[in-house]
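What follows is a short report on a single structure.
Here is how names work: the chains are called A, B, and so on, in the same order as the sequence lines, proteins then strands, and each is numbered from 1. Just so you know, these numbers come straight off a predicted model, no measurement behind them.
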Amino acid sequence: MGGAHAFRPAEHIRKRSDYTRIYDSGSKNHGRLMTVFVQASERPHARLGIAATRKLGPAVDRNRAKRRVRELFRHHKPDAGLDIVVVPRRELLDAPFASLEAEFRVLVERRGPRGAPRAPRHGRSSRPRAHSGV
RNA sequence: GCAGCCGGCCGGAUGACCGCCGCUGCCGGUAACCGCGGGCAACCGCGAAGUGCCGGCAGGGGAGGAAAGUCCGAACUCCGCAGAGCAGUGCGCCGGGUAACACCCGGGCGGGGCAACCCGACGGAAAGUGGCACAGAAAAUAUACCGCCCGCCUUCGCCCUCGGCUCUCUGAGCCUCGGGCUUCGGCGGGGCAAGCCCAUGACAGGGGGCGCGCGCACGGAGCCGAGGGCUCCCGCGAGCGGCCCCCCUCUCAGGGUUUACCCCGCCGCAGCGCGGAGCCCGGAGGGCGGAGCGCGAAGGUGGGUAAGGGUGAAAUGGUGCGGUAAGAGCGCACCGCGCCGCUGGCAACAGCGGUGGCAGGCCAAACCCCGCACGGAGCAAGACCAAAUAGGGAGGCGAUUGGCGCCUCGGCGUCGCAAGACGCCGGGGACGGCCAGGGAGGGCGGCUCGCCCAAGGCUUCCGGGUAGGUUGCUCGAUCCCGUCAGCAAUGACGGGGCUAGAGGAAUGGUCAUCCCGCCGAAGCGCGCGGGCCGCAAGGCCCGCGUGCGAAGGCGGACAGAAUUCGGCUUACAGGCCGACUGCGGCG
RNA sequence: GUCCCCGUCGUCCAGAGGCCCAGGACGCGGCCCUUUCAAGGCUGAAACACGGGUUCGAAUCCCGUCGGGGACG
């Protein structure tokens, strides 16, 4: 029943190779609370990966950051096939949830401004894949 | 009531919406490898299997006391291993508990606290090696040194001078007072190379603070003296000294301080007695006096001694009496220590008695010795399944000719004592080692021709094995309750329960209400002090402290399982329960 | 997760029970030299990660924290 806000295993990014691919050829946007990598994919649904490094804090803080980011993804899930990797910053831990939602929306959709979902730096052309939401 | 001490426990609650991960049941969809059968084959059917996977619904479960640090100990897994030892590491009072431990319990000993109680790496220093700065005679050998005592040897000044005495009298000798020289020692003052400190204010003095140290000292006066020490006074139930910081004299300074060295001044030391002969005077007798003797001092030397020696973190048992030439556990008493015996205790150890005569400093978290334990790695251990790509092995298909190279055998030649090496010729063999030819096949193409690529080909199987997946993975030295044994740790028995299993890693997100703590105006209560009124009881006002206190605000810790247990260590807001100790109050 | 290693001036090192209130080089401050700068000379400031313990005495030896780095078919 609850499918709209669910977060299924298929929506996790798990493989190391997926992460490196998104780091290399996805678009990258910095915010005050987090950094977001976005890359388009062939899948019918979006996927999420979280990279909480030890720099963020001890295990309690890292787990809390991941839970809040997952919650963001559940409530603001893009309908298109996008691979998203979020790198949380320390400021994310104490920020109000509403400010997280605002920043997450902006960072995910900002991938547009400098052209379609495309690797800005590595120029390895991924063909323009019309996405309505920009 | 306050302060303390020990043990145990909890570690926010409830609800709403949206979610996550296992398990169980039901419902819907749906495979594959593989096996069997059929078919020329593509493939089909059956089994595997309605399993696994995907989705839905329902039920039930889902972080900790430290999950942390990874400091110990184990289980488990793989590797290694005849046995024993060495090395290395860890542990170290005794007894018990345990699967094991560096953990726990009980006891002993030592230390701290008024006490409850707390703390302790707590074997061995006559097995050996080594270290102990500075100071000090000496830092481990009980010797040397200083000193004390005994014996022996040598020596016991010089110059000037007041005064005196004697004589053989412009002089000589002797005694005495004072001074000087020389040598040594002590005390005081001054100078100053150099070092250090100081405008961030030195130094000195005074006051205050803090911690550490010593403890009847500090200060004052005197005495003995070889080293070095002793006595008295003041003070006295507590202080004193050193270091550091702050303040004041003080915005005062080219100054202060220490040691070495130099100079100056002061003090101290440098024989006395008896005495035959002799000489002189003489009444007795007296004076001088060589040698000698005794005592004393200085130096040297031979011995005795371990009492004492400013030091130091530490000094060779302590105190007292006797004893001695001086001394000494040399003797005695007490204390300490070692050994032996008895008693109590399983033991560590304790008590008592006897005995020895001191038997030898500290450091083993210095090397080490003794006793005990330990094979190594770690769930990224290990096991199973197994893409793509590359590579390995075996087979099949296709072309299989020549040359070079390779292997082997034979002959000849050169070198060599030989073994053998090198070269040439010939026979045989293998080969995807190289080159050329050949061309199965492939590409362009509807087909042929043609062109291009081309033995680094196509294909089957096998083994290792990467990504990935499955497993190991949660029923266990398990948890709860009770009984029994035990002082306890713990164990035995009985009953009951199943209590997270993720894997880029779940156990939550957002909000509401409540709970707890802190702040908190007005107001109220209590205590203390002051003022006013009142004869008094008391009342009023002011100030301070304290308790209760609405709305509201702030806060609710430390921290997230990763193979699993037993410990240790570290972090932690707030709260609850119980035992005990000290002090105060009331009865 | 499992297992190792290391912490000394601002930086890189030395020191290995007392000679160390810790030494050297570079860097930093001041003075001298120079017309000036550099070089050179003189000089100064500056550190034992933290907390306990052993010892007469600890940067050094032991224990525990904290921080940093590394390895993992």
With a 3.5 Å limit on both atom pairs, tell me what [N] is paired to, counting Watson-Crick and G-U wobble, or say none.
{"N": "B/C583", "result": "B/G1"}
{"N": "B/C424", "result": "B/G411"}
{"N": "B/G25", "result": "B/C57"}
{"N": "B/A314", "result": "none"}
{"N": "B/C187", "result": "B/G265"}
{"N": "B/U490", "result": "B/A485"}

In chain order, what residues pass the salt bridge (Lys or Arg N to Asp or Glu O under 4.0 Å) check against [X], with sequence neighbours excluded?
{"X": "A/R14", "value": "none"}
{"X": "A/E103", "value": "none"}
{"X": "A/R47", "value": "A/D18, A/D83"}

request  = List for me each residue that meets side-chain hydrogen bond (donor to acceptor under 3.5 Å, both in side chains) alongside A/E101, sequence neighbours excluded, and say none if there are none.
outcome  =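 A/H76.
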Return the value, rounded to whole Å, for the distance between atom [atom1] of [X] and atom [atom2] of [N].
{"X": "A/R67", "N": "B/A559", "atom1": "CZ", "atom2": "C1'", "result": "12 Å"}
{"X": "A/F37", "N": "B/G504", "atom1": "CZ", "atom2": "P", "result": "20 Å"}
{"X": "A/R62", "N": "B/G508", "atom1": "CZ", "atom2": "P", "result": "18 Å"}

Could you check whether [X] gets within reach of a base, just the sugar-phosphate, or nothing at all, counting any heavy atom under 4.0 Å?
{"X": "A/I13", "answer": "sugar-phosphate"}
{"X": "A/A52", "answer": "nothing"}
{"X": "A/R68", "answer": "sugar-phosphate"}

query = Can you name the side chain to side chain contact (heavy atoms under 4.5 Å, CB included) partners of A/A102, sequence neighbours left out?
reply =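 For A/A102 there are no side chain to side chain contact (heavy atoms under 4.5 Å, CB included) partners, ignoring immediate neighbours.
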task = Can you check whether any acceptor in the base of B/C20 is under 3.5 Å from a donor in the side chain of A/R70, or vice versa?
result =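 Donor-acceptor pair under 3.5 Å: no.
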query = If we require ring centres under 5.5 Å and near-parallel planes under 30°, does A/Y19 stack on B/G504?
reply = yes
request  = Ignoring backbone atoms, test whether A/H12 places a side-chain nitrogen or oxygen under 4.0 Å from the OP1 or OP2 oxygen of B/G503.
outcome  =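 So the side chain of A/H12 is outside the cut-off, no N or O lying under 4.0 Å from OP1 or OP2 of B/G503.
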ask   = Hey, does the side chain of A/R64 come within less than 4.0 Å of B/G509's phosphate (OP1/OP2), counting only N and O?
value =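 So the side chain of A/R64 is within the cut-off, an N or O lying under 4.0 Å from OP1 or OP2 of B/G509.
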Pairwise ring pair (Phe, Tyr, Trp, His ring centres under 6.0 Å) hits with a residue in residues 25-55 of chain A, at least two apart =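 The answer is A/Y23-A/F37.
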Selection residues 46-74 of chain A - residue pairs positive for ring pair (Phe, Tyr, Trp, His ring centres under 6.0 Å), sequence neighbours left out =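 For residues 46-74 of chain A: A/F7-A/F73.
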Base-paired stems that RNA chain C participates in, counting runs of 3 or more Watson-Crick or G-U pairs under 3.5 Å = C:1-7 with C:66-72, C:10-13 with C:23-26, C:28-32 with C:40-44, C:49-53 with C:61-65
Nearest-angstrom distance, P atom, B/C346 to B/G584 =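 Each nucleotide's P atom is 45 Å from the other's.
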request  = Sticking with atom C1', work out how far B/G239 lies from B/A315, rounded to a whole angstrom.
outcome  = 31 Å
With 3.5 Å as the limit, what N/O pairs link the protein to nucleotides 569-573 of chain B?
none

